[in-house]
Asks: 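Below is a structure I'd like to ask you about.
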Amino acid sequence: MQPHDTLFTPTEAAVLTGLPLKAVNNAIDKKTVSAVAGEEGARLLDARALVSLSVERRLSDRIAPELRRQVFDALAGSPRNVVSLEGGLIKIDLRQPRHELATSLRELRRARRLVVSDPEIMGGEPVFRGTRVPVHMIAELVAQGSAHAELLDSYPRLTAEMIRLAPVYAAAYPLRGRPRNQPWSDQKPVHRSRRRVDTIAVS
């Protein structure tokens with residue numbers, strides 16, 4: 001599911017805020033951030049919850065949990081860029097977290113526009129628009145260290161932007177279920193042969 005841009009799944013929130021998915025779910029479970037009930041029991045987060053999670057990433061190892069809860073309560077009740085606590089003794093500037101979130105959200109929106117899922121193409125697996133190249137495959141190749149230039153050479157219909165945003169899309173929308181077997185996975189080799197290494201010519 002890809003909700004509209006005012007509500008986000010925990011997986012999307014993890015990508016947008018840079019927090020591990022487990023930390024996002026923990027914040028929801030502990031009611032550090034408020035979640036909205038979605039379809040089939042899904043838990044969705046709004047933009048204010050994302051700001052709180054972004055602040056959580058910065059404060060988790062610096063401020064005690066009780067004080068962090070005060071911070072999140074203050075965030076929920078204030079749209080301002082600076083939140084004050086303890087009579088002004090503690091001030092938190094939200095401009096940088098909000099700027100980073102806006103940038104991450106633009107990247108995610110762009111990644112979604114570059115991807116299409118059609119049952120007639122690769123069985124519905126997400127592919128880059130106008131191609132038959134699976135997004136998750138490219139993301140995996142990037143994760144394994146494939147150079148962008150190498151991927152552009154191997155897949156001429158891709159663009160540098162597609163390759164850059166493949167990991168963003170794959171992280172926000174992971175494939176569900178078991179990986180599909182390739183057609184040859186259960187087949188026996190057609191032919192086998194054994195040769196000594198020193199008889200193999202090196203070109």
Asks: Which pair of heavy atoms, one from Leu53 and one from Ala27, lies closest together, and at what distance?
Replies: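 Looking at all heavy atoms of both residues, the shortest contact is CD2-CB, 3.7 Å.
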Asks: Can we say Arg132 and Glu125 salt-bridge, meaning some charged N sits less than 4.0 Å from an Asp/Glu carboxylate O?
Replies: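 Judged by the 4.0 Å cut-off on N to carboxylate O distance, Arg132 and Glu125 do not form a salt bridge.
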Asks: So how far is it from Glu161 CD to Glu107 CD, rounded to the nearest 0.5 Å?
Replies: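 If we round to the nearest 0.5 Å, Glu161:CD and Glu107:CD are 8.0 Å apart.
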Asks: Can you see which heavy atom on Met162 is nearest to which on Arg157, and at what distance?
Replies: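 Heavy atoms only, the tightest pair is SD-O, 4.1 Å.
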Asks: Would you name the heavy atoms of Val142 and Pro167 that are closest together and state the gap between them?
Replies: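 Here Val142 and Pro167 meet closest at CG1-CG, 4.0 Å.
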Asks: Would Tyr169 and His136 count as a side chain to side chain contact (heavy atoms under 4.5 Å, CB included) here? Give the steps.
Replies: CA-CA 8 Å; Tyr169 185 93; His136 291 82; 4.1 Å; yes
Asks: Can you tell me how far apart OG1 (Thr103) and NE2 (His99) are? Round to the nearest 0.5 Å.
Replies: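 With rounding to 0.5 Å, OG1 (Thr103) is 4.0 Å from NE2 (His99).
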Asks: Working note: Val51 + Leu101, criterion side chain to side chain contact (heavy atoms under 4.5 Å, CB included); need CA distance, chi angles, decisive distance, verdict.
Replies: CA-CA 8 Å; Val51 174; Leu101 277 174; 3.8 Å; yes
Asks: Considering only heavy atoms from C-beta outward, does the side chain of Leu45 approach that of Val36 to under 4.5 Å?
Replies: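 No; the side chains remain at least 4.5 Å from each other.
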Asks: For Leu152 and Thr159, work out which heavy atoms get closest and say how close.
Replies: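 That would be CD2-C, 3.7 Å.
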Asks: Can you find a pair of side-chain heavy atoms, one from Leu175 and one from Pro126, that are under 4.5 Å apart?
Replies: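 SC-SC contact between Leu175 and Pro126 confirmed.
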Asks: Without swapping roles, check the side chain of Ser146 against the backbone of Leu141 for a donor-acceptor pair under 3.5 Å.
Replies: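 Yes: the side chain of Ser146 pairs with the backbone of Leu141.
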Asks: Is it true that Arg43 and Asp29 make a salt bridge, defined as a side-chain N closer than 4.0 Å to a carboxylate O?
Replies: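 Answer for the salt bridge query: yes.
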Asks: Between Val135 and Leu165, is the side chain to side chain contact (heavy atoms under 4.5 Å, CB included) condition met? List the steps.
Replies: CA-CA 9 Å; Val135 181; Leu165 293 178; over 6 Å; no
Asks: Once rounded to the nearest 0.5 Å, what's the spacing between atom CG of Leu44 and atom CD of Glu39?
Replies: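 Here the rounded value is 8.5 Å.
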Asks: Carefully, step by step, assess Tyr173 and Glu12 under the rule side chain to side chain contact (heavy atoms under 4.5 Å, CB included).
Replies: CA-CA 8 Å; Tyr173 308 107; Glu12 288 175 313; 2.4 Å; yes
Asks: Any sub-3.5 Å donor-acceptor pair from Ser54's side-chain atoms to Leu50's backbone N or O?
Replies: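 Not confirmed, Ser54 side chain does not pair with Leu50 backbone.
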Asks: Could you pull out the closest heavy-atom pair between Val115 and Ala111, with the gap in Å?
Replies: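 Of all heavy-atom pairs spanning Val115 and Ala111, the closest is CG2-O, 3.3 Å.
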Asks: How long is the gap from CG on Leu108 to CZ on Phe8, to the nearest 0.5 Å?
Replies: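 Separation between the atoms: 8.0 Å.
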Asks: About how many Å separate CG of Leu158 and NE2 of His148, when rounded to the nearest 0.5 Å?
Replies: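 Interatomic distance, His148 NE2 to Leu158 CG, rounded to 0.5 Å: 11.0 Å.
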Asks: With hydrophobic residues grouped by side-chain heavy-atom distances under 4.5 Å, do Leu21 and Val33 end up in a single group?
Replies: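 No, Leu21 and Val33 fall in different hydrophobic clusters.
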Asks: I need the Thr6 OG1 to Asp46 CG distance, nearest 0.5 Å.
Replies: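 Here the rounded value is 8.5 Å.
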Asks: Please find the pair of heavy atoms, one from Ile138 and one from Ala166, that lie closest to each other, and give the distance.
Replies: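 Looks like CG2-CB, 3.8 Å.
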